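For reference, the structure discussed in these notes is given below.
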Amino acid sequence: MDEFYIDPKRTRLLQASERVRKANLERIEFWGAYNLVKVLDLGRAVSQNADGEIELGGYVTLQSELSRKTPKEIETALGLRPGSLDQGCRIFRFRKTPTLLPDGLRLKPEHRADPHGYPRGQMAWQIVLTMPLPAVLVSTLAPGQAFNPGRHPGIRYL
């Protein structure tokens, strides 16, 4: 699989870099858990912890990367499998920020998709959570419906 990615050895070294992890965690802390979101297709099951809270992990992004985009546009921006959001999608917000995460791998220019069928995204900021975090459903989008995240509840204080 390494032949699909730009310098995966170096990328993996960067993922292990304290400086890179710290920079991404600082970005997340700056934007806060409110702005950290996960996109799932409508058919995908979500797991719950012992308290009944939804817990999600894997690739996440910032809501600003999804703002005013339809499910099809979100699919393209994030590099999801073609057609995976044809029926719409669900967007979840996290209740707290992560403490551990790696970065993803970048595809080489000559490849349109990785070995699993995921195409190149459109440079949307994404990271991978290494541990699931509590999340809440904030939006269910129908095909063609744009995501409107609204304003942060604390905006009146700014």
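This structure is a prediction, so every number in the text was calculated from the model and none was measured. Values reported hereafter were calculated over all heavy atoms of this structure, with side chains retained and with hydrogens, waters and symmetry mates removed.
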Practice item. Taking the side chain as every heavy atom from C-beta outward, state whether I74 and I91 have any pair of such atoms under 4.5 Å apart. Key: yes

Exercise for review: Please say which of E73, R68, Q63 ends up in a side-chain contact (heavy atoms from CB on, under 4.5 Å) with F147.
Suggested key: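 Passing option: Q63.
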
Practice item. Tell me, with the steps shown, if L42 and R90 meet side chain to side chain contact (heavy atoms under 4.5 Å, CB included). Key: CA-CA 6 Å; L42 295 179; R90 293 171 292 165; 3.7 Å; yes

Looking at every non-hydrogen atom in both residues, tell me the closest pair between [X] and [Y] and how far apart they are.
X    : Y    : result
F94  : L133 : CD2-CB, 3.6 Å
P71  : P143 : CG-CA, 4.4 Å
L141 : S139 : CD2-OG, 3.4 Å
T97  : E29  : OG1-OE2, 2.7 Å
V46  : F92  : CG1-CZ, 3.9 Å
Y34  : P149 : OH-O, 3.9 Å

**Study point:** Non-neighbouring partners of P134 that pass side-chain contact (heavy atoms from CB on, under 4.5 Å), sequence neighbours left out
**Key:** E53, R95, K96

Check your understanding: Can you list the steps and then say if I54 with V136 is a side chain to side chain contact (heavy atoms under 4.5 Å, CB included)?
Key -> CA-CA 7 Å; I54 294 170; V136 61; over 6 Å; no

Practice item. Would you confirm whether K38, through its side chain, and Y59, through its main-chain N or O, come within 3.5 Å as a donor-acceptor pair? Key: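 Looks like yes, one N/O pair under 3.5 Å.
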
Check your understanding: Has the side chain of Q87 got a donor or acceptor atom that lies under 3.5 Å from a matching backbone atom of D41?
Key -> no

Spatial distance of atom [atom1] ([X]) from atom [atom2] ([Y]) [nearest 0.5 Å]:
X   : Y    : atom1 : atom2 : result
T76 : K69  : OG1   : NZ    : 10.0 Å
L62 : S67  : CG    : OG    : 11.5 Å
L66 : N148 : CG    : CG    : 12.0 Å
E55 : L129 : CD    : CG    : 11.5 Å

Practice item. Verify side chain to side chain contact (heavy atoms under 4.5 Å, CB included) between Q145 and T70, making sure each step is shown before the conclusion. Key: CA-CA 5 Å; Q145 180 182 3; T70 65; over 6 Å; no

